[in-house]
Amino acid sequence: MTGLAITQLHVRFANGAHVLRGIDLTVAKGERLALVGESGCGKTTLIRALLGLLEPGARVLGQMLLDGQEVPGPDPRALRGTRIGYVPQNPLSALNPLLPVGRQIAEAWEAHGRRIADATLSAELAAVGIADATRMMTYRPARWSGGMLQRALILAATAHRPALVMADEPTSAVDRPLARQMLELLAERSGTLIAVTHDLDLIDGLVDRVVVLYGGRIVEDAPAARFLVGPRHPYARALLEALPRPGRLPRGLDGDPPSPLAPDAGCAFAPRCPSPCALAAELPMLAEGVACHLGTGR
Amino acid sequence: MALLRPLMRMLATLVVASFLIFSILALLPGDLAAFLASRSNTKPSEESLAAIREQFGLNQPLLHRYGDWLTGALHGDFGESWLTGAPVADLFAQRMGPTLLLGVSIFGLGSAITFLWGGFAALRPGRLVDHTLTILAILGATLPGFVLGLLAIRVFASGLGWASVIGDGTMRTVTLPALVGAIGLSSYWARPFRALVVDALASDWALAARARGLTETRLLFRHALPNALLGFLPFLGVGLAGALTGAILIETVFSWPGLGAFVIDAIKRRDLPIVQAFAVLAVAFYVVTTALADLAARALSPRMQRSGR
Amino acid sequence: MIASHSSARITGAALLTLVLTLILIGPLVWSVSPTDQNLMAVVQPPSVSHPIGTDQYGRDLLARLIDGGRVSLISAVLIVGGSLVIGTLVGLAATLDGIVARLITQAIDMALALPSLILALVIVGALGIGMGNLIFAFVAVGWPWYARLVRGIARERLSAPDILAARLAGVGRLAVMTGHVVPHLAARLAAAAALDLGYTLGALAGFSYLGLGAQAPAAEWGLMLRDAQMFFTAAPWLLIGPCACIGAVVAAALLLAEDLAQTGGRG
């Protein structure tokens with residue numbers, strides 16, 4: 001079986017926080033997926049679990065298979081950068097400030113025992129859209145702009161054309177027009193892509209599927225085209241309504257997301273849900289792409 | 001340009017501090033007359049006091065005397081000892097070597113202990129090595145250097161016979177006093193250094209580097225340690241100067257023939273030219289070292305970089 | 001950093017109580033004179049009549065330890081208290097407007113750029129040797145640390161929204177200082193003072209050890225170590241009392257300061 005298959009993934013931190021509470025997710029080879037949710041919902045933890053880079057003391061339960069092979073597996077380091085690529089959240093803090101950018105990007109090759117000539121590296125950087133790459137690569141990160149660093153980091157993450165690329169909010173640190181370019185560059189250079197993002201209106205046409213996380217669980221999993229016009233889970237609707245649109249004010253969502261320390265107590269969204277629900281004390285299961293007792297939520 | 005201001009500041013501090021030291025010693029009641037009174041049983045006559053003041057230029061206005069002294073000091077002339085009449089510069093030159101040897105040994109050994117100890121603790125945060133570090137650092141900071149020195153002499157020199165009890169100012173006997181100073185120094189250093197390494201290893205760029213497939217060893221040596229050391233530079237500056245101050249006590253404990261014991265003796269005999277010269281030199285050393293460490297940290301920090309490389 | 005906050009607090013408080021008990025209750029129980037010489041019983045090992053032995057003049061070490069502890073602790077408290085009061089006043093003055101406040105700020109920064117122990121040495125050198133002069137010298141070099149701490153906290157507080165509102169509502173500067181700034185200083189000053197107390201005690205003992213503080217025949221922990229210098233290879237018990245007491249007070253200060261810094265005096 002090709003692609004990514006996650007079954008019943010649980011992650012619990014040393015302080016008792018139950019951050020992921022049973023994730024079932026299958027991503028086909030070549031599929032592009034947007035992972036959506038508030039901070040604290042478990043997006044970043046999911047990415048770090050796949051990379052095998054959770055903080056010490058975190059316990060992982062469940063199975064993660066990439067092209068039929070267990071990940072992160074017995075030697076996670078060998079997988080990072082080769083089979084699984086990672087584009088960090090904030091490009092401005094994602095590189096060692098003391099070392100020239102070129103030498104750090106070159107590590108994407110060197111870490112896996114390959115030498116890369118300066119000329120080759122410069123050509124690779126130029127290919128992701130960095131002007132004057134030969135000179136720029138000798139500069140430290142402080143002299144690079146956020147957008148350029150982001151491109152360099154995308155190059156580092158995709159240097160070995162990994163089977164899976166994960167990007168943690170690749171658009172949060174750059175301007176709108178640039179953000180779209182970043183997503184395009186990412187989509188173009190990766191096979192299977194998981195992009196964590198807040199920018200729901202940027203993903204139109206760039207991703208195939210949207211998965212919404214809430215309180216460590218998937219609450220909606222839908223094709224992008226349908227999701228953007230008609231999300232079914234009340235939380236997903238609230239997220240879309242929070243976007244600015246011509247002709248109406250964005251509507252915020254009241255209340256706080258559930259604490260990862262709290263034990264399960266029925267529907268995690270119930271305290272903030274606008275619709276009254278008789279079954280709120282029971283945990284809704286994901287069925288037909290939505291985890292809501294009210295079915296379509298209408 | 002950005003480096004000019006701290007340099008000016010350092011110079012201003014030096015001038016103010018040397019003037020401060022000069023006037024404290026010149027204005028407070030411990031002047032030459034009192035010194036002579038304490039040396040002889042008969043109270044010196046007013047005439048002879050006036051003659052002496054005239055001879056040493058003590059009846060000049062304070063600023064004038066400071067000017068003369070500073071001009072002399074800048075030419076390496078720190079006046080003469082009231083007690084023996086020997087030039088202070090010569091007296092210092094004879095005793096500078098052992099003090100430098102001890103200070104540099106304490107600094108070097110202290111750095112080595114800090115880097116190994118703090119580095120290992122940082123690699124295992126929250127584990128046994130780490131907790132041991134915390135407790136040992138508190139214990140090390142608990143016993144003042146001279147107490148530790150006395151205990152060390154008792155155990156290692158007179159107890160086990162591993163080292164000589166009396167320091168002779170050479171490499172042969174430097175180990176024990178240097179080790180005692182280094183333990184005190186690294187007790188203060190180890191925890192901040194550990195915190196800097198832990199911060200570097202927990203940074204965004206460390207996560208990104210790991211995700212590129214870097215080994216922990218390479219991450220530590222190529223990325224985390226240079227960043228931690230840059231943040232540690234100011235601590236090194238203060239520590240180098242502190243090693244010198246701490247050496248005064250350690251010198252006395254180990255009968256080390258350096259400047260420290262000599263100056264303490266001068267204070268007791270109220271031989272003020274020696275005290276004055278030592279204080280100004282020590283303050284200058286401290287101010288210059290800390291300022292240089294600060295400047296180096298600024299110059300190396302990525303924001304300051306102007307040209308490529 | 002310590003295994004848990006409460007264990008740091010309990011250990012620190014226990015060590016401090018132990019030393020304070022020795023110094024305060026000790027004289028009531030152990031009424032031997034700390035200065036009476038007995039040349040028939042010099043450098044005696046611990047025994048029933050001298051629980052921790054005698055020194056080279058046959059003086060009882062326990063009595064000297066108790067007496068010396070009083071001198072050491074009172075001096076350290078005087079130094080820390082004096083530095084704290086002066087530093088607080090100067091630090092608050094530095095937050096006022098105008099040229100004087102700017103000069104004060106400059107003075108604080110400059111004082112902090114100098115090595116304090118060397119300056120203390122100079123002052124003792126100028127004033128002459130003695131415990132009173134030593135205390136004066138330590139206060140003279142100790143206040144800038146408190147001034148910087150107070151200035152920092154006060155500046156932070158003075159720009160807080162509730163204070164701005166109070167000022168706009170017409171509350172006077174003095175009332176703002178006493179009502180809204182000073183109460184916030186207490187916990188952090190207490191932590192700083194606790195740490196400083198241990199440090200000061202160690203430094204005082206060091207100066208006395210060098211012969212620059214308490215003078216014979218007075219008893220003081222550092223001076224006792226100085227007296228022991230010539231004999232301790234043969235008579236190690238001369239070291240035990242002063243070393244243990246200095247270590248206990250400094251450790252207690254470190255532990256309590258760490259606890260105060262972490263809990264802000266609560267919890």
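Only heavy atoms go into these numbers, but all of them, side chains included; no hydrogens, no water, no symmetry mates. Lettering follows sequence order; numbering is per chain, from 1. Predicted, not measured: the structure shown is a model, and the values here were computed from it.
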Can you tell which part of [X] gets under 4.5 Å to a heavy atom of chain B, answering side chain, backbone, both or neither?
{"X": "A/Arg48", "answer": "side chain"}
{"X": "A/Leu51", "answer": "side chain"}
{"X": "A/Pro88", "answer": "side chain"}

Query raised in the report: Minimum heavy-atom separation for B/Trp205 to A/Pro97, with atom names?
Result: NE1-CD, 3.5 Å

Query raised in the report: Which heavy atom in B/Leu300 sits nearest to a heavy atom in A/Leu98, and how many Å separate them?
Result: O-CD2, 4.0 Å

Query - Side-chain heavy-atom pair B/His223, A/Leu99 within 4.5 angstrom cut-off - result: yes

Query raised in the report: Highest number of heavy-atom pairs under 4.5 Å with chain B: which of A/His112, A/Met136, A/Arg77?
Result: A/Arg77

Report summary line: Assert top hit (heavy-atom pairs under 4.5 Å, partner chain B, pool A/Ala156, A/Pro141, A/Ala111, A/Gly102) equals A/Ala111

Query raised in the report: Do other residues, nucleotides or ligands put more than 12 heavy atoms under 6.0 Å from B/Phe120 CZ?
Result: no

Query - Neighbour count >12 (heavy atoms, 6.0 Å) for atom CZ, B/Arg222 - result: yes

Report task. Walk me through it: do B/Asn227 and A/Asn96 pass the test side-chain hydrogen bond (donor to acceptor under 3.5 Å, both in side chains)? Result -> CA-CA 8 Å; B/Asn227 275 278; A/Asn96 174 355; 2.7 Å; yes

Counting only pairs under 3.5 Å, give me each side-chain donor-acceptor contact of residues 207-217 of chain B, with atom names and distances, residues two or more places apart or in other chains.
{"from": "B/Arg210", "atom 1": "NE", "to": "B/Glu216", "atom 2": "OE2", "distance (Å)": "2.5"}
{"from": "B/Arg210", "atom 1": "NH1", "to": "B/Leu201", "atom 2": "O", "distance (Å)": "3.2"}
{"from": "B/Arg210", "atom 1": "NH2", "to": "B/Leu201", "atom 2": "O", "distance (Å)": "3.3"}
{"from": "B/Arg210", "atom 1": "NH2", "to": "B/Glu216", "atom 2": "OE1", "distance (Å)": "3.4"}
{"from": "B/Arg212", "atom 1": "NE", "to": "A/Gln104", "atom 2": "O", "distance (Å)": "3.2"}
{"from": "B/Arg212", "atom 1": "NH2", "to": "A/Glu107", "atom 2": "OE1", "distance (Å)": "2.8"}
{"from": "B/Thr215", "atom 1": "OG1", "to": "B/Arg218", "atom 2": "N", "distance (Å)": "3.2"}

